[in-house]
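Counting starts at 1 for both ligands and their atoms, in listed order.
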Amino acid sequence: MPKNIKVKYISKIAHKVHEPARTPEETQAKKFARTPQLPRGMKDLLPYETPWWDLLYGRVASLARSYGFDKIETPVVEETALFVRSIGKDTDIVEKEMYPIADAEGEKLVLRPENTASIVRAYINHGMLNLPQPVKLWYWGPMFRHERPQSGRYRQFHQLGFEILGDESPIVDAELILIAYNLFKNLEISVSIQINSIGCVQCRPAYHQSLIAYYRTVRHEMCEQCRKRLQKNPLRALDCKEPQCQPLKKEAPHFVDYLCEPCKEHFMSVLEYLDELGLPYFLNHSLVRGLDYYNRTVFELYVSGEEEGSQSALGGGGRYDGLSEILGGRPTPACGFAQGCERVIAKIKEIGSVKLSEPVFHVFVAQLGNQAKSKALKLFENLRAADINVAHNLSKNGLRPQLEIANKLGVRYSLVIGQKEVQDETIIIRDMESGVQEIIGFNKAVSDLKKKLGLS
Ligand code: AMP
């Protein structure tokens with residue numbers, strides 16, 4: 001027996017000895033084992049959906065370029081402390097919705113629930129303070145929140161966002177609101193802007209006092225969560241989604257009445273800029289955005305007529321002048337916004353006025369027989385490299401089904417290679433409109449077609 005056969009034989013036996021024999025039931029069970037399912041709250045983006053995503057991405061990238069923003073990508077995994085310190089301990093995101101990552105080295109990591117904190121971290125880590133200010137950045141990527149899945153809410157969702165770091169002037173707030181507004185205008189979605197100011201560390205204590213005093217008078221009508229949070233962070237009561245708390249918000253004191261002079265002046269300037277730009281906005285006194293890092297201007301965008309219930313906001317943002325210092329950086333005033341991509345895409349499809357552009361093909365390469373397949377692939381490659389929009393389908397065998405595809409695609413010419421053409425080193429060019437056919441040399445195909453299509 002040759003040596004290698006013996007080794008093979010022994011290893012086969014050894015394999016048999018080590019693997020415990022399966023009972024017929026086990027074999028059957030393995031065969032019909034449940035296919036792993038998509039985890040709850042996650043979403044596959046299927047081929048019929050990805051063109052919409054590409055469309056949105058293209059529009060956002062071009063808008064960002066025109067307003068002078070550079071793209072940044074930060075990792076989806078960050079230190080837990082980044083979000084605890086920035087978003088705040090008493091928020092739903094930090095309390096209930098973060099996805100912790102088991103890290104072998106014991107480091108406390110999570111999947112990012114949002115991107116602003118990561119961008120400020122990157123700004124500090126990479127000394128972007130030394131760049132000419134302001135630094136204008138945009139991003140696009142997946143975020144993770146362990147929320148109760150419901151329509152329009154996912155556990156992995158995507159956000160696009162714009163941030164301007166290093167400028168406290170109110171024109172920055174107005175420019176960002178304008179960009180957010182124009183993104184929707186560009187997508188033919190009519191939106192309304194809701195805006196408020198939540199002041200700064202100077203004016204917040206007086207407003208908190210007044211808010212606590214008001215909510216004490218209606219304590220028995222509040223939801224349990226709000227009652228618990230009233231002392232720790234009374235602003236959170238204004239952000240509550242519980243139906244029983246909605247009428248209470250309407251009667252609550254307004255932050256704008258408690259703003260200190262600099263905050264009042266800042267907010268008035270933002271509104272004046274918006275007036276000058278002709279942007280339609282509404283003051284929403286209970287808009288506070290649920291995250292601790294916000295100060296001064298906060299805003300959200302809603303589809304016109306769908307303003308009720310903040311679950312339906314397409315996006316929102318605001319100022320976060322103190323975030324850099326909270327994370328150990330130098331004082332860096334900043335402002336930004338994020339939009340939920342899933343919601344925006346659902347809206348574009350629902351409205352239906354933006355259309356996907358269909359790919360345009362000028363030429364179809366058809367083949368008959370195995371040898372012709374490889375010639376056809378080569379021809380396809382030559383045409384593609386010469387920037388001719390060419391289609392093919394090497395899995396079909398008969399000529400008829402291939403010409404049917406060519407017809408559906410609306411090509412001007414089909415190029416056919418059969419057994420005879422392989423031998424003669426030729427191809428047949430068929431004019432799909434007139435049905436007229438001619439034979440040319442294989443090597444002349446590219447130049448001939450360029451001429452016929454007016455590309456040379
Ligand atoms: P936020 O910063 O939480 O206001 O989120 C900004 C935008 O992201 C929202 O207005 C939504 O469009 C979107 N968004 C937030 N959470 C989710 C989620 N769980 N699923 C889908 N989109 C979301």
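Those atoms of ligand 1 with a heavy atom of Ala313 less than 4.0 angstrom away are 9 (C), 10 (O), 11 (C), 12 (O). Atom numbering of ligand 1 starts at 1 in the shown order; those under 4.0 Å from a heavy atom of Gly315 are 10 (O). Residue-ligand proximity, Leu314 to ligand 1, at heavy-atom distances under 4.0 Å covers atoms 10 (O), 12 (O).
His285 and His254 have parallel rings, their planes meeting at less than 30° on a 0 to 90° scale where 60° marks the start of perpendicular. The aromatic rings of His158 and Trp53 lie perpendicular to each other, with more than 60° between the two planes, well past the 30° mark. Using a 30° and 60° split on the angle between ring planes, Phe337 and Phe162 fall in the parallel class, below 30°.
No hydrogens or angles considered: a donor-acceptor pair under 3.5 Å links the side chains of Asn115 and Thr74. Side-chain atoms of Asp257 and Tyr207 form no donor-acceptor pair, as typed in the model, at a separation below 3.5 Å. Using modelled atom types, one finds a donor on one side chain and an acceptor on the other under 3.5 Å when comparing Tyr258 with Ser210.
Lys43 and Glu342 are not joined by a salt bridge, as no carboxylate oxygen comes within less than 4.0 angstrom of a charged side-chain nitrogen. Residues Glu175 and Lys136 are paired through a salt bridge, judged by an N-O separation under 4.0 Å between the basic side chain and the carboxylate.
Considering both main-chain and side-chain atoms, Glu147 comes within under 3.5 Å of ligand 1 through a nitrogen or oxygen pair. In terms of N/O distances under 3.5 Å, ligand 1 is not approached by Leu291. Annotation: Tyr154 places an N or O atom under 3.5 Å from an N or O atom of ligand 1; distance criterion only.
Heavy-atom distances between Gly317 and ligand 1 stay at or above 4.0 Å for every pair. Using a non-hydrogen distance threshold of 4.0 Å, Arg153 registers as a contact of ligand 1. The shortest separation from a heavy atom of Gly316 to ligand 1 is not under 4.0 Å, leaving the residue out of contact. Residue Glu342 places every heavy atom at 4.0 Å or more from ligand 1. At a 4.0 Å cut-off, at least one heavy atom of Arg289 sits close enough to ligand 1 to count as contact.
Residue contacts with ligand 1, taken as heavy atom pairs separated by less than 4.0 Å, involve Arg145 solely via side-chain atoms from C-beta onward. Counting heavy atoms under 4.0 Å from ligand 1, residue Glu114 does not touch it at all.
Although no hydrogens or angles enter the test, the distance criterion places no donor-acceptor pair under 3.5 Å between the side chain of Ser395 and the main chain of Asn393.
When the options Cys341, Gly152, Gly41, Gly340 are ranked by their closest heavy atom to atom 21 (C) of ligand 1, first place goes to Gly152.
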